[in-house]
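If you read the sequence from its start, that first residue is 1, and numbering goes on from there. These numbers were taken from a predicted model, which means no experiment stands behind them.
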Amino acid sequence: MSNILVIAPHADDETLGCGGTLLRHAAEGDNTSWLIMTDGQESLGYSVEFIKRREKEITNVAEMYKFKSIHRTNFGATTLDTLPMNDIVAAISGVISEVKPEIIYIPNRGDAHTDHTYVYDAMASCTKTFRYPFIKKVMVYETISETDFSIKDGVGYFKPNIWVDISEYLHKKIEIMTMYKGEIGVHPFPRSKKNIEAFALYRGSTSGFEYAESFMLIKELI
């Protein structure tokens with residue numbers, strides 16, 4: 001049994017990036033935890049209705065994944081690039097010290113959304129072995145409509161070297177994603193049920209699985 005932590009810049013990134021893998025971890029008896037880095041806030045133009053709906057969605061999604069714990073930093077969405085990096089590092093470090101994960105999933109540095117970049121950069125200070133000896137593996141996930149839409153040439157290019165068979169879990173991943181109202185659209189919208197399945201099918205085709213999620217392994221202690 002391992003402790004697993006997924007760090008999501010925004011609620012829904014965990015599902016788009018590694019939802020099938022998280023479901024597989026839970027099915028295999030691992031303890032999974034979820035860190036949500038940002039929230040929609042009224043001061044940033046989000047409606048009260050949206051905020052209430054999103055809170056309910058987070059509760060329902062957490063139940064579907066059977067997370068052992070949920071953690072929130074309560075930073076404003078799209079504002080991480082305006083905050084002192086020390087504040088972001090401290091928030092992540094506190095959760096890692098509490099959860100003590102052996103495996104951490106983080107977003108790709110080169111993603112189109114700056115929140116993803118800042119979460120990745122903050123994590124660079126939170127994987128030092130002498131401070132967090134329990135961390136054995138750090139993996140980067142790819143996020144539909146972020147990783148594939150990036151034009152940050154030469155920065156954080158996603159090149160997978162780990163593939164996880166999620167054939168048994170894809171349809172539940174899609175079911176969970178549809179719980180985020182307003183995030184799923186009709187094809188050719190990138191976050192459509194059809195595209196999520198197609199992307200998993202494509203990753204499966206490069207790994208010999210029916211459906212797969214892929215990752216970049218950036219640190220492993222064996």
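Nearest heavy-atom pair, P101 versus I96, reported as atom, atom and distance to 0.1 Å: CD-O, 3.5 Å. Among all heavy-atom pairs drawn from K152 and T117, the shortest one is NZ-OG1, 2.9 Å. Counting all heavy atoms, side chain and backbone alike, I4 lies closest to D30 at CG1-CB, 3.9 Å. Taking both residues in full, the closest heavy atoms of M179 and E57 are given as O-CG, 3.3 Å, listed atom of the first, atom of the second, then distance.
K52 is listed as a side-chain neighbour of V48, based on a closest heavy-atom distance under 4.5 Å. A heavy-atom distance below 4.5 Å is not found between the side chains of E14 and Y141. A heavy-atom distance below 4.5 Å is not found between the side chains of I106 and V6. Within the 4.5 Å cutoff, the side chain of I162 has heavy atoms near those of the M139 side chain. With contacts defined as side-chain heavy-atom distances shorter than 4.5 Å, the pair F158/S150 does not qualify. Residues I92 and I7 meet the side-chain proximity criterion, which asks for heavy atoms closer than 4.5 Å.
H113 is linked by a ring pair (Phe, Tyr, Trp, His ring centres under 6.0 Å) to H10, H116, counting only residues two or more places apart in sequence or in another chain. For Y120, there are no side chain to side chain donor-acceptor pair (under 3.5 Å) partners, not counting sequence neighbours. Every residue was checked against the salt bridge (charged side-chain N to carboxylate O under 4.0 Å, His left out) condition with E175, not counting sequence neighbours, and none meets it. Every side chain to side chain contact (heavy atoms under 4.5 Å, CB included) that E28 has, sequence neighbours left out, goes to R24.
Tested against L80, the residues D121, T114, T38 include a single side chain to side chain contact (heavy atoms under 4.5 Å, CB included) partner, T38.
Taking the charged nitrogens against the carboxylate oxygens, R54 and E49 have no contact shorter than 4.0 Å, which rules out a salt bridge. Of the charged side-chain nitrogens involved, none lies within less than 4.0 Å of a carboxylate oxygen, so that E102 and K136 do not count as a salt-bridged pair. Using a 4.0 Å cut-off between charged side-chain N and carboxylate O, R203 and E210 make no salt bridge.
Every pair passing ring-ring contact (aromatic ring centres under 6.0 Å, His included) that includes a residue from residues 11-57 is listed here, sequence neighbours excluded: H25-Y105, W34-F67, Y46-F50.
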Practice task
Before giving the answer on side chain to side chain contact (heavy atoms under 4.5 Å, CB included), spell out for H71 and E98 the whole-Å C-alpha distance, their side-chain angles and the decisive distance to 0.1 Å.
Solution key: CA-CA 10 Å; H71 307 266; E98 179 180 345; 3.6 Å; yes
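Apart from F209 itself, the hydrophobic cluster it occupies contains W163, where clustering links Ile, Leu, Val, Met, Phe, Trp and Tyr at side-chain heavy-atom distances under 4.5 Å.
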